[in-house]
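Here is the structure we will look at.
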Amino acid sequence: MTSPVQFDLRGKKVFVAGHRGLAGSAIVRRLACEDCEIVTADRQQLDLRRQLAVEEFIAKTRPHAVFLAAGLVGGIHANATYPAQFILENLQIVTNVIQSAYDYRVDKLLYLGSSCIYPKHAPQPMSENMLLTGLLEPTNEPYAVAKIAGIKLCESFRRQYGADFISVMPTNLYGPGDNYHRQNSHVPAALIRRFHEAKLANEPQVVVWGTGSPRREFLAVDDLADACVFLMKHYSDIGFLNVGTGQDVTIGEFARVVADVVGYTNELRFDTSRPDGAPQKLLDVSRLTALGWRSKISLRDGLAAAYADFLAGGARHID
Ligand SMILES: NC(=O)C1=CN([C@@H]2O[C@H](COP(=O)(O)OP(=O)(O)OC[C@H]3O[C@@H](n4cnc5c(N)ncnc54)[C@H](OP(=O)(O)O)[C@@H]3O)[C@@H](O)[C@H]2O)C=CC1
Ligand SMILES: C[C@H]1O[C@H](OP(=O)(O)OP(=O)(O)OC[C@H]2O[C@@H](n3cnc4c(=O)[nH]c(N)nc43)[C@H](O)[C@@H]2O)[C@@H](O)[C@@H](O)C1=O
């Protein structure tokens, strides 16, 4: 099925906020196939927490389109350890970018939320209308509140001013250019690194946090970037859209696939003193599928690409 083009990227100036991050760098890679001019700024040039700096940057560069893929992001430990920074910085970034995009008449903006916006015990798979129907997962509630504020900003600017701002909710991501910090990363990067180091040291056992029973849905970041470009071109409506594969695995199953891809063959040990977080996060992707997009990269292929990038030195925060 092909969807009609509503927004043509050809010849457009496109600002990718967060272009050095996991999602932003994949969006830049994907945009290389479009005939558009990509605008970026390093954090040293543009701190997105600073309202005036954002306003001046947008006023100077005047992009036609914005992908808002910047934010303070981390796994379960980082979210639980730095809640003040996670809520404040993500609120600052989203309010600054959205306000300036409106003030300087950006034609279209795509905002990246997260599947953690849904209630901890939402029915699975989680459809878009599950938003604000129950309590959030405590380990990332402050971050989720900031992410929900971003959705509501996009919706409200569309409702009041007719701004063409859309939101997408990606499931858990992984891939080239991920954050490999020992404590603050998400589970895919954490386990790739831990299994790799254990393989080199021939360690008899590797620790996996939690019970191994929570279920997560993992999407390759290059699939996410493809979905974002697809939706930038073909979707324009008030409702946000889930982006995922529609399939989940337990963390125990996931850990065994990562070990296999990395080539670690010894034992896994589950450290139940570490939090599990949400029991399950599986997105209902039927709205996205109905528009004509579905994921293409298998978990094993996506993890192999992530590990190849790790070996080639693409990892961030590998102190
Ligand atoms: N990773 C995941 O599993 C998921 C991510 N998402 C969402 O996707 C988006 C991107 O996440 P992801 O790519 O994983 O995150 P990363 O941490 O990989 O990248 C975030 C990017 O934002 C930039 N950034 C952060 N703060 C500032 C700031 N104050 N000024 C300028 N730039 C800043 C970072 O810059 P620098 O390079 O200088 O650090 C980095 O380039 C986020 O909105 C996140 O909520 C949603 C679901 C899952
Ligand atoms: C994308 C999403 O990511 C965060 O939520 P999360 O899904 O819980 O993400 P996570 O990747 O950190 O953990 C997934 C599961 O995996 C287990 N787990 C095992 N071993 C390791 C491990 O070594 N590191 C980590 N981080 N987790 C591990 C861990 O105990 C948990 O059960 C949000 O805070 C928020 O940032 C957000 O939006």
Side-chain angles (χ1 to χ4, degrees), residues 16-28 40-50 53-54 57 67-80 83 85-86 88-90 92-94 96-97 111-118 137-144 146-147 150 167-175 177-195 206-219 221 224-225 228 243-244 250-252 254-255 258 268 270-272 274-281 283 316-317:
V16 181
H19 70 290
R20 292 174 57 184
L22 175 65
S25 60
I27 291 170
V28 169
T40 59
D42 291 344
R43 192 195 286 255
Q44 293 70 28
Q45 299 167 278
L46 174 62
D47 184 341
L48 294 167
R49 294 170 300 183
R50 306 279 167 249
V54 176
F57 177 80
F67 287 88
L68 179 39
L72 179 62
V73 180
I76 193 165
H77 175 81
N79 269 271
Q85 281 169 267
F86 270 79
L88 181 65
E89 295 189 21
N90 286 303
Q92 288 171 324
I93 290 171
V94 75
N96 292 342
V97 175
Y111 165 67
L112 292 182
S114 165
S115 62
C116 70
I117 58 153
Y118 291 113
E137 156 59 33
T139 53
N140 59 31
E141 186 191 66
Y143 170 76
K147 294 269 110 188
S167 302
V168 304
M169 298 307 120
T171 188
N172 292 47
L173 304 172
Y174 66 94
D178 208 343
N179 164 6
Y180 281 81
H181 191 278
R182 286 183 200 282
Q183 296 296 325
N184 296 340
S185 57
H186 292 100
V187 65
L191 292 187
I192 287 174
R193 179 177 185 171
R194 208 171 297 144
F195 285 130
V206 162
V207 170
V208 178
W209 297 356
T211 60
S213 61
R215 301 189 71 89
R216 293 289 184 274
E217 175 187 12
F218 294 99
L219 179 71
V221 74
L224 181 265
C228 288
V243 183
T250 67
I251 291 300
F254 179 72
V258 178
L268 313 190
F270 292 92
D271 177 359
T272 54
R274 293 281 193 163
D276 270 345
Q280 186 175 18
K281 284 194 285 181
L283 293 176
R316 289 158 46 243
H317 304 294

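Counting starts at 1 for both ligands and their atoms, in listed order. What you see is a predicted model, and the numbers here were worked out from it, not measured in a lab.
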Which protein non-hydrogen atom lies closest to [atom], naming both residue and atom, and how far is it?
atom: atom 32 (N) of ligand 1; value: Leu48 CD1, 3.7 Å
atom: atom 47 (C) of ligand 1; value: Pro170 O, 3.4 Å
atom: atom 13 (O) of ligand 1; value: Ala23 N, 2.7 Å
atom: atom 41 (O) of ligand 1; value: Gly21 N, 3.1 Å
atom: atom 39 (O) of ligand 1; value: Arg43 NH2, 3.0 Å

Please confirm whether [X] comes under 4.0 Å of ligand 1, counting heavy atoms of the residue only.
X: Arg316; result: yes
X: Leu68; result: no
X: Tyr143; result: yes
X: Leu46; result: yes
X: Met169; result: no

Measure the [atom1]-[atom2] distance between [X] and [Y] for me, rounded to the nearest 0.5 Å.
X: Cys116; Y: Ile76; atom1: SG; atom2: CD1; value: 11.0 Å
X: Leu68; Y: Ile27; atom1: CG; atom2: CD1; value: 9.5 Å
X: Tyr111; Y: Met169; atom1: OH; atom2: CE; value: 6.0 Å
X: Tyr143; Y: Ile117; atom1: OH; atom2: CD1; value: 11.0 Å
X: Ser115; Y: Lys281; atom1: OG; atom2: NZ; value: 4.5 Å
X: Leu112; Y: Leu224; atom1: CG; atom2: CG; value: 6.0 Å

Within-cut-off N or O pair, [X] and ligand 1, under 3.5 Å:
X: Leu72; result: no
X: Ser114; result: no
X: Gly24; result: no
X: Val73; result: no
X: Asp47; result: yes
X: Ile93; result: no

Region of [X] engaging ligand 2 - heavy atom pairs below 4.0 Å:
X: Lys147; answer: neither
X: Pro275; answer: backbone
X: Arg216; answer: side chain

Practice task
Report yes or no: does a heavy atom of Asp276 sit under 4.0 Å from some atom of ligand 2?
Solution key: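 Contact check Asp276 vs ligand 2: positive.
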Handout entry: Arg274 touching ligand 2 at heavy-atom level, < 4.0 angstrom
Key =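 It does not, in that no heavy atom of Arg274 comes within the 4.0 Å cut-off of ligand 2.
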Near [X], which atoms of ligand 1 are under 4.0 Å from a heavy atom of that residue?
X: Gly18; answer: 21 (C), 22 (O), 41 (O)
X: Gly71; answer: 20 (C), 22 (O), 25 (C)
X: Lys147; answer: 42 (C), 43 (O), 44 (C), 45 (O)
X: Arg49; answer: 29 (N)
X: Arg20; answer: 37 (O), 41 (O)
X: Thr171; answer: 47 (C), 48 (C)

Residue selection (non-hydrogen contact nearest [atom]) among [options]:
atom: atom 12 (O) of ligand 2; options: Leu191, Val208, Ile76; result: Ile76
atom: atom 20 (N) of ligand 2; options: Tyr174, Trp209, Tyr143, Phe86; result: Trp209
atom: atom 26 (N) of ligand 2; options: Pro142, Ser185, Gly75, Gly212; result: Ser185
atom: atom 1 (C) of ligand 2; options: Glu217, His77, His186; result: His186
atom: atom 38 (O) of ligand 2; options: Gly74, Ser114, Gly252, Gly71; result: Ser114
atom: atom 7 (C) of ligand 1; options: Ala41, Gly113, Ala69, Ala70; result: Gly113
atom: atom 33 (C) of ligand 2; options: Leu72, Asn140, Asn184; result: Asn140

Problem - Phe254 and Phe218 aromatic ring geometry - parallel, tilted or perpendicular at 30°/60° bounds - result: parallel
Practice task
Kindly check if the number of other-residue, nucleotide or ligand heavy atoms within 6.0 Å of CZ (Arg316) is above 12?
Solution key: yes
Do [X] and [Y] make a side-chain contact, defined as non-hydrogen atoms from C-beta onward lying under 4.5 Å apart?
X: Val73; Y: His186; value: yes
X: Asp276; Y: Ile251; value: no
X: Val258; Y: Ile192; value: yes
X: Glu217; Y: Asn172; value: no

Practice task
Go through the steps for Asp42 and His19 under the test side-chain contact (heavy atoms from CB on, under 4.5 Å), then give the verdict.
Solution key: CA-CA 8 Å; Asp42 291 344; His19 70 290; 3.3 Å; yes
Problem - Contact check: Val187 vs ligand 2, nitrogen or oxygen atoms, below 3.5 angstrom - result: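 Yes, Val187 has an N/O under 3.5 Å of an N/O on ligand 2.
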Problem - Per-atom contacts, ligand 2 versus Asn79 - under 4.0 Å to a heavy atom - result: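 Every atom of ligand 2 under 4.0 Å from some heavy atom of Asn79: 33 (C), 34 (O), 35 (C), 36 (O).
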